[in-house]
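A quick write-up on the structure given underneath.
Just so you know, these numbers use all the heavy atoms, side chains as well, and skip hydrogens, waters and symmetry mates. Note that ligands are numbered from 1 as they come in the structure, with each ligand's atoms numbered from 1 the same way. In this text, all values refer to a predicted model and were calculated from it rather than measured experimentally.
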Amino acid sequence: MMSEKRIYFDNNATTPVDPRVLEAMLPYFTEKFGNAASNTHIFGWDAAEAVDKAREQVASIIGAQANDIVFTSGATESDNIALKGTLEKYSDKGNHLITVKTEHKAILDSAKYLMEKGYRVTFMDVGEDGRVIPEQLEEAITPETVLISVMFANNETGVIHPIEEIGKIAAKHDIFFHCDATQAVGKVPIDVQKLGIHLLSMSGHKIYGPKGVGVLYARSRNPKVRPNPVIHGGGHEQKMRSGTLNVPGIVGIGTACEICERELPTESVMLSNLRDRLENGILERIEEAYVNGSREHRIPNTSNISFNYIEGESIMLTMKNIAVSSGSACTSASLSKSYVLDAMGCTDALAHASLRFSLGRFNTGDEVDYVIGSLVKAVKRLREMSPLYEMAQKGINLDSYKWTDPKHEH
Ligand SMILES: Cc1ncc(COP(=O)(O)O)c(C=O)c1O
């Protein structure tokens with residue numbers, strides 16, 4: 001049997017390792033295998049030198065100082081340190097954290113953990129466009145507020161928050177500002193100084209680097225912020241993150257950053273062209289398809305679209321050779337609807353009907369055209385089978401329709 005071609009439009013979940021990144025990493029598994037903390041011999045020095053270089057490469061892409069870069073196992077760990085470590089360390093300043101309902105689970109669950117430990121957390125709403133409203137942020141601040149944590153760009157919708165304004169508010173009130181920039185690094189320019197970011201999380205495997213390596217940026221001056229460690233041990237990474245450094249992974253994330261920084265101007269244009277081609281193709285050829293979230297304030301590779309009357313999961317099952325994701329897929333295997341779209345005021349039906357398309361460095365225009373064609377067919381077929389669609393065609397208003405079937409749960 002001939003296998004159908006496979007298309008990967010799920011780059012917000014993870015990206016393939018760029019061959020240039022892999023090439024840079026390989027020697028650090030074999031001939032340059034040293035422990036970066038072994039400071040008595042050449043094996044250790046080689047490893048330490050590679051880590052130093054990676055620290056510069058990572059710092060450069062976010063406009064930071066190299067000595068403010070802490071290597072971790074990924075953005076989940078960085079988020080945990082930023083929230084738990086900062087609230088714990090600065091408990092004499094207060095006990096209040098402000099974050100947002102649409103954050104990644106690494107933030108939301110760390111925040112819930114802190115609540116269990118007696119801290120106070122405000123989970124802010126977002127507007128219909130998915131963005132935090134700065135005035136509401138200012139209203140949520142109390143004399144007890146220690147940290148504001150707002151992601152740069154949302155993983156499901158790609159929507160970018162008003163980061164610079166949030167940075168200004170944090171500075172005005174003398175509060176630390178953490179930003180989970182996992183989905184934004186490499187896709188939009190980031191300058192932690194200009195944006196007033198004090199702590200920042202990022203991950204290797206979203207930027208064509210390896211899985212299992214990430215970064216926490218923690219500013220050492222103006223203001224100095226030194227979160228307590230979550231993992232204790234040998235005191236690596238200025239005591240913020242103990243454990244023998246993952247040298248090949250660190251070389252990987254460093255090289256990935258260097259490539260992203262260099263190629264960002266052309267790659268972001270390439271991605272937004274592909275994204276627009278996909279989005280326009282879908283909206284022109286499929287009726288009642290709606291883009292979720294701000295189309296203006298968005299990273300260039302992401303489009304989240306609801307296809308009314310059908311479930312996102314059904315579309316995915318119909319197009320098994322195309323990798324996209326539905327809102328819930330990144331955190332669970334259940335059919336629960338996306339909490340991100342829910343917080344944006346999306347109806348249940350439209351939240352269940354959503355798909356996330358996230359493009360990447362290795363996608364092409366031909367793939368985009370193929371996906372549009374497949375979607376047109378899949379949506380047509382599914383709507384033909386959908387009783388909701390049939391009712392809507394007959395002019396029945398589904399929002400005010402009184403369901404008689406007691407089993408109907410929507
Ligand atoms: C916004 C955001 N934060 C954190 C993470 C977690 O990153 P990692 O897989 O490196 O732990 C992800 C990835 O799913 C993400 O999209």
Side-chain angles (χ1 to χ4, degrees), residues 8-17 21 58 61-62 69-84 99-113 123 126 130-132 149-161 163 166 178-188 190 197 199-217 230-231 241 243 246 249-250 252-254 256-257 260 293 297-304 323-333 338-341 343 356-360:
Y8 189 74
F9 278 8
D10 201 15
N11 288 275
N12 286 10
T14 195
T15 52
V17 171
V21 170
V58 169
I61 202 172
I62 57 169
I69 299 298
V70 175
F71 289 111
T72 67
S73 66
T76 299
E77 188 189 332
S78 304
D79 287 346
N80 271 263
I81 303 172
L83 265 56
K84 298 178 193 171
T99 185
V100 188
K101 287 182 179 163
T102 54
E103 292 288 313
H104 191 270
K105 288 283 179 190
I107 295 290
L108 296 178
D109 286 359
S110 295
K112 283 179 196 152
Y113 170 87
F123 295 94
V126 291
R131 305 182 86 213
V132 157
S149 180
V150 180
M151 71 203 319
F152 207 111
N154 184 272
N155 42 302
E156 287 187 29
T157 59
V159 168
I160 297 178
H161 285 295
I163 297 299
I166 296 169
H178 168 251
C179 184
D180 178 345
T182 306
Q183 296 291 350
V185 170
K187 295 178 195 140
V188 290
I190 298 178
I197 295 169
L199 294 151
L200 177 143
S201 304
M202 57 184 276
S203 179
H205 72 105
K206 313 283 186 181
I207 56 169
Y208 313 94
K211 295 171 183 57
V213 64
V215 161
L216 176 69
Y217 157 74
V230 170
I231 296 179
R241 204 283 185 172
N246 168 8
I250 289 167
I253 195 172
C257 283
C260 279
H297 302 283
R298 247 191 323 177
I299 43 176
N301 77 320
T302 307
S303 179
N304 188 306
V324 293
S325 76
S326 69
S328 52
C330 65
T331 45
S332 77
S338 152
Y339 66 86
V340 172
L341 297 182
R356 175 185 74 182
F357 303 87
S358 49
L359 304 166

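Defined by atom type and a distance below 3.5 Å, a donor-acceptor pair is missing between the side-chain atoms of D180 and S201. If you check the side chains of S338 and E156, you find a donor sitting under 3.5 Å from an acceptor. Side-chain contact annotation: S203 with T182, donor-acceptor N/O pair under 3.5 Å absent.
At least one heavy atom of K206 sits closer than 4.0 Å to an atom of ligand 1.
Using a 4.5 Å heavy-atom cutoff, the side chains of I231 and E77 are in contact. Under the 4.5 Å side-chain criterion, counting only non-hydrogen atoms from C-beta, V100 is not in contact with M151. Two residues are said to be in side-chain contact when any heavy atoms from C-beta on lie closer than 4.5 Å; I190 and M202 fail this criterion.
Each of the following atoms of ligand 1 lies closer than 4.0 Å to a heavy atom of M151: 1 (C). For ligand 1, the atoms lying closer than 4.0 Å to a non-hydrogen atom of H205 are 8 (P), 9 (O), 10 (O). With ligand atoms numbered from 1 in the order given, ligand 1 contributes 1 (C), 2 (C), 3 (N), 4 (C) to contacts under 4.0 Å with heavy atoms of D180. Within ligand 1, the atoms closer than 4.0 Å to a non-hydrogen atom of S203 are 8 (P), 10 (O), numbered from 1 in the order shown. Proximity to G74 (heavy-atom distance under 4.0 Å) selects the following atoms of ligand 1: 10 (O).
Contacts between K211 and ligand 1, counted as non-hydrogen atom pairs separated by less than 4.0 Å, are absent for every part of the residue. At a heavy-atom distance under 4.0 Å, no atom of A106 approaches ligand 1. Looking at E77 against ligand 1, nothing comes within 4.0 Å, counting heavy atoms. Contacts between E103 and ligand 1, counted as non-hydrogen atom pairs separated by less than 4.0 Å, are absent for every part of the residue.
For I160 against A153, the heavy-atom pair with the smallest separation is CG1-CB, 4.1 Å. Listed here is the closest heavy atom pair of I207 and I253: CD1-CG1, 4.2 Å. Taking every heavy atom of both residues into account, T99 and A111 meet most closely at CG2-CB, 4.3 Å.
Considering backbone and side-chain N/O of N155, none are found under 3.5 Å from N/O of ligand 1. Residue contacts with ligand 1: N12 is placed with no nitrogen or oxygen under 3.5 Å of a nitrogen or oxygen of the ligand (distance criterion only). Residue contacts with ligand 1: T76 is placed with a nitrogen or oxygen under 3.5 Å of a nitrogen or oxygen of the ligand (distance criterion only).
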